[in-house]
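Every chain is numbered from 1 and lettered A, B, ... according to where its sequence line falls, protein lines coming before strand lines.
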There are 2 protein chains.
Amino acid sequence: MTKTPVDRTEPAEALTNLILTLFRVNNRTLAWGDRLMAPLGLTSARWQVLGSIAYAERPQPVAWLARDLGVSRQNVQRIVNDLRRDGIVAYAPNPHHLRAHLVVMTETGQHIYDAAIHRYNAEVNALADGLSAAKIETAHHILRCLHSKLEGDDHAQESS
Amino acid sequence: MTKTPVDRTEPAEALTNLILTLFRVNNRTLAWGDRLMAPLGLTSARWQVLGSIAYAERPQPVAWLARDLGVSRQNVQRIVNDLRRDGIVAYAPNPHHLRAHLVVMTETGQHIYDAAIHRYNAEVNALADGLSAAKIETAHHILRCLHSKLEGDDHAQESS
DNA sequence: GTGATTTCGACAATATATTGACATATCGAA
DNA sequence: TTCGATATGTCAATATATTGTCGAAATCAC
């Protein structure tokens, strides 16, 4: 009943270290974002949802925003409800769907988001100072590869 | 009252994209880990705590494990309580402290952790397949730089 | 030693996020 | 058109994680 030991390949060993660091950086970055956005009444989570709305070319329903962010639609729904209660976003009618309203920023929301971008830009420059753009892009590339592989896994799981 | 616009430097622009991908990869990786560890009765969170125990050279109290992981000690405390209830870890007396017991794996816990490593190794090789070890290490280096900068921010905040 | 400070576990409240279940709406194929 | 599959919002339960507070233990300055 002893299992055959499985050794890690060289890239797998490197990847393991990367993942462990990834978790820690993720936590730190969220904390940094929370602190940065707190004066605007935003959190990292709210700011990510707003960013998703701003990045999209046209208004989208909640479920599409959730898919884009890679989180559950129920979670995005809760955040959108909160943002709507606070007058930061609103619903617009969806010509293609009776129930799936489109999420749009209010004028207030747009101002808050602009201020968030402003604060973010000022801080991210300091954060990136001394880092090579080329190396950052290499890191980005690796993470995107990882993302697409994991995405494939998820979808394979869903369909089984 | 118009604010001076702040532009992003080139590395800051690259870093922004990296961070957005980072969030998504973090989510996917946690989901991947959850699915991988589910048959063993573990979650990504539990597995991370076990890893922290296994990596340490000597048994540590809950607060030290939390600091190592960069999360709140209350969170680790809850996970350790659950793991203890399930017979995966146990407390050992701490000769240096009456209340801060040391967290150790039980024999059962060690077996589960070994099985977790075994499952992980088999999967991480596939995940790393086709990725360059050198590029992964560049990515790791960038994330560690980011981590230390953010850590500095956090500590600066604490002391203010 | 003594006292102030820090560390640590415990408890409570809240925020964040996922999963499951359900009803309704949409879409596609028969 | 009708029926089955999928998409969507909603509600509930649970898991995950942080923050604040408290009392006890340990540490440090003096």
Side-chain angles (χ1 to χ4, degrees), chain A residues 23-24 26-35 37-38 41-49 59-86 89 91 93-103 154-155 157-159, chain B residues 23-24 26-35 37-38 41-49 52 59-86 89 91-103 154-155 157-159:
Chain A
F23 291 148
R24 288 164 171 77
N26 183 73
N27 290 339
R28 297 282 184 190
T29 306
L30 290 175
W32 172 78
D34 281 341
R35 210 169 50 240
M37 297 305 165
L42 296 181
T43 61
S44 287
R46 287 172 161 220
W47 180 56
Q48 279 188 67
V49 170
Q60 295 182 332
V62 166
W64 293 26
L65 295 175
R67 239 194 312 275
D68 178 47
L69 288 170
V71 297
S72 68
R73 64 184 204 285
Q74 291 90 333
N75 185 27
V76 174
Q77 183 73 59
R78 178 185 53 78
I79 295 172
V80 166
N81 290 344
D82 291 349
L83 289 173
R84 199 160 80 103
R85 185 200 56 207
D86 293 353
V89 304
Y91 284 143
N94 185 346
H96 301 327
H97 200 297
L98 277 185
R99 302 171 63 203
H101 305 306
L102 302 176
V103 184
D154 284 0
H155 292 164
Q157 181 69 13
E158 284 169 10
S159 65
Chain B
F23 291 149
R24 288 164 172 77
N26 183 75
N27 290 339
R28 296 283 185 190
T29 306
L30 289 177
W32 172 78
D34 281 341
R35 210 168 51 241
M37 297 305 165
L42 296 181
T43 61
S44 286
R46 285 172 163 221
W47 179 56
Q48 280 188 65
V49 170
S52 190
Q60 294 182 335
V62 166
W64 292 27
L65 296 175
R67 237 194 314 274
D68 177 48
L69 287 169
V71 297
S72 67
R73 62 183 206 285
Q74 291 88 336
N75 184 27
V76 174
Q77 183 72 60
R78 178 184 52 76
I79 295 173
V80 165
N81 289 344
D82 291 349
L83 289 173
R84 200 161 80 104
R85 184 200 56 207
D86 293 353
V89 304
Y91 283 144
N94 186 345
H96 300 325
H97 201 297
L98 275 185
R99 303 170 63 205
H101 305 306
L102 302 175
V103 184
D154 284 0
H155 291 163
Q157 181 68 13
E158 284 170 9
S159 65

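- Look at CG on B:Leu65: it is 14 Å from P on D:dA17, rounded to the nearest Å.
- Contact annotation: the side chain of A:Arg85 approaches that of A:Asp82 to within less than 4.5 Å [non-hydrogen atoms, C-beta and beyond].
- At whole-Å resolution of the value, CG in B:Leu69 and P in D:dT16 are 14 Å apart.
- Applying the side-chain contact (heavy atoms from CB on, under 4.5 Å) rule to B:Ser52 yields the partners B:Leu65, B:Asp68, B:Leu69; only residues at least two apart in sequence or on another chain are considered.
- When only modelled atom types and interatomic distance are considered, B:Asp34 and B:Thr43 share no side-chain donor-acceptor pair under 3.5 Å.
- Atom CG of B:Asn94 is separated from atom P of D:dA24 by 20 Å (rounded to the nearest Å).
- Relative to the side chain of A:Ala100, the nucleotides C:dG9, C:dA25, D:dG9 differ in distance, and D:dG9 lies closest.
- Here the side chain of B:Thr43 is nearest to one of C:dG9, D:dT8, D:dT16, namely D:dT16.
- Rounded to whole Å, atom C1' of D:dG9 lies 16 Å from atom CD1 of A:Ile79.
- Taking atom CG of residue B:Asn26 and atom P of nucleotide C:dA17, one finds them 11 Å apart after rounding to whole Å.
- Put simply, A:Asn75 has no side-chain N or O that comes within less than 4.0 Å of OP1 or OP2 on C:dT16.
- Between the side chains of A:Arg84 and A:Asn81, no donor-acceptor pair is found at a separation under 3.5 Å.
- Residues B:Arg99 and A:Leu98 each lie close to DNA chain C; by heavy-atom proximity, the contact nearer the 5' end of the strand is made by B:Arg99.
- When the C1' atom of D:dA17 is taken as reference, atom CD of B:Gln48 falls 12 Å away, rounded to whole Å.
- The distance between atom CG of A:Asn81 and atom C1' of D:dT10, rounded to the nearest whole Å, is 9 Å.
- Considering only the side chain of A:Arg73, D:dT8 comes nearest among C:dT16, D:dA17, D:dT8.
- For the pair B:His97 and B:Arg78, nearest-nucleotide mapping onto DNA chain D gives the more 5' position to B:Arg78.
- The interatomic distance linking B:Arg84 (CZ) with C:dG9 (P) rounds to 12 Å, in whole Å.
- In the set C:dT18, C:dC8, D:dT19, D:dT19 carries the atom at the smallest distance from any side-chain atom of B:Gln74.
- Residue A:Asp82 is the one, among A:His96 and A:Asp82, whose nearest nucleotide of DNA chain C lies closer to the 5' end (criterion: closest heavy atom).
- Side-chain atoms of A:Pro61 lie closest to D:dG9 of the nucleotides D:dG9, C:dC8, D:dT19.
- Among the heavy atoms of the strands, none lies under 4.0 Å from A:Arg46.
- One finds no side-chain N or O of B:Trp64 lying less than 4.0 angstrom from the OP1 or OP2 phosphate oxygen of C:dT7.
- Among all heavy-atom pairs drawn from B:Asn94 and B:Ala100, the shortest one is ND2-O, 2.9 Å.
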